[in-house]
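Scope of the values below: all heavy atoms of this structure, side chains included, with no hydrogens, waters or symmetry mates.
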Amino acid sequence: MKTLRDAKVGDTVKVIRLHGEGATKRRIMDMGITKGVEVHVRKVAPLGDPLELSVRGYELSVRKADAEMIEIV
């Protein structure tokens with residue numbers, strides 16, 4: 001299983017499934033990361049956390065722990 005955490009800077013990936021449950025999953029979905037959406041990895045912070053993403057036309061920062069819950073293809 002490949003997750004968003006595995007994506008490299010410059011990659012554009014498609015979300016195929018969200019793992020996790022409850023408030024964490026709801027928060028990820030509220031940020032616009034849902035099944036089928038394309039996500040572009042813009043930058044990674046110097047220490048590797050967080051990731052800066054482009055989703056649905058806006059920029060978003062996501063922690064690696066949350067990125068592990070997002071399955072991509």
(request) Carefully, step by step, assess I28 and L18 under the rule side-chain contact (heavy atoms from CB on, under 4.5 Å). (result) CA-CA 9 Å; I28 291 170; L18 294 176; 3.9 Å; yes

(message) Which residue in the set L4, V37, L53, V73 passes side-chain contact (heavy atoms from CB on, under 4.5 Å) when paired with V13?
(response) L4

Considering non-hydrogen atoms only, spot the tightest contact between [X] and [Y] and give its length.
X: S54; Y: E59; answer: OG-OE2, 3.4 Å
X: R42; Y: V9; answer: O-CG1, 3.3 Å
X: M1; Y: D6; answer: O-OD2, 4.2 Å
X: A7; Y: V41; answer: CB-CG2, 3.7 Å
X: V62; Y: A67; answer: CG1-N, 3.8 Å

(request) Check the hydrophobic clustering (I, L, V, M, F, W, Y; side-chain heavy atoms under 4.5 Å; chains of links allowed) and say if M29 and I70 are grouped together. (result) yes

(request) Is it possible for you to say whether I16 and V55 belong to one hydrophobic cluster, with membership spreading through side-chain heavy-atom contacts below 4.5 Å? (result) no

(message) Before you tell me yes or no, could you show the steps for V15 and T34 under side-chain contact (heavy atoms from CB on, under 4.5 Å), namely the whole-Å CA-CA distance, both residues' side-chain angles and the distance that decides it to 0.1 Å?
(response) CA-CA 7 Å; V15 176; T34 56; over 6 Å; no

(request) Flag the pair L51 / L60 as yes when at least one side-chain heavy-atom distance between them is below 4.5 Å, and no otherwise. (result) no

(message) So if I apply the side chain to side chain donor-acceptor pair (under 3.5 Å) rule between E71 and each of K35, H19, K2, which one comes out positive?
(response) H19

(message) Given 3.5 Å as the limit, does a donor-acceptor pair link the side chain of R63 with the main chain of P50, or not?
(response) no

(message) Salt bridge or not between R27 and D66? Use side-chain N to carboxylate O under 4.0 Å.
(response) yes

(message) To the nearest 0.5 Å, what is the distance between NZ on K25 and CG on D30?
(response) 12.5 Å

(request) Please assess E38 against K14 for the test salt bridge (Lys or Arg N to Asp or Glu O under 4.0 Å), listing each intermediate value before the final yes or no. (result) CA-CA 4 Å; E38 288 195 347; K14 187 173 184 177; over 6 Å; no

(request) Establish, from distance only, whether the side-chain atoms of T3 and R17 form a donor-acceptor pair under 3.5 Å. (result) no

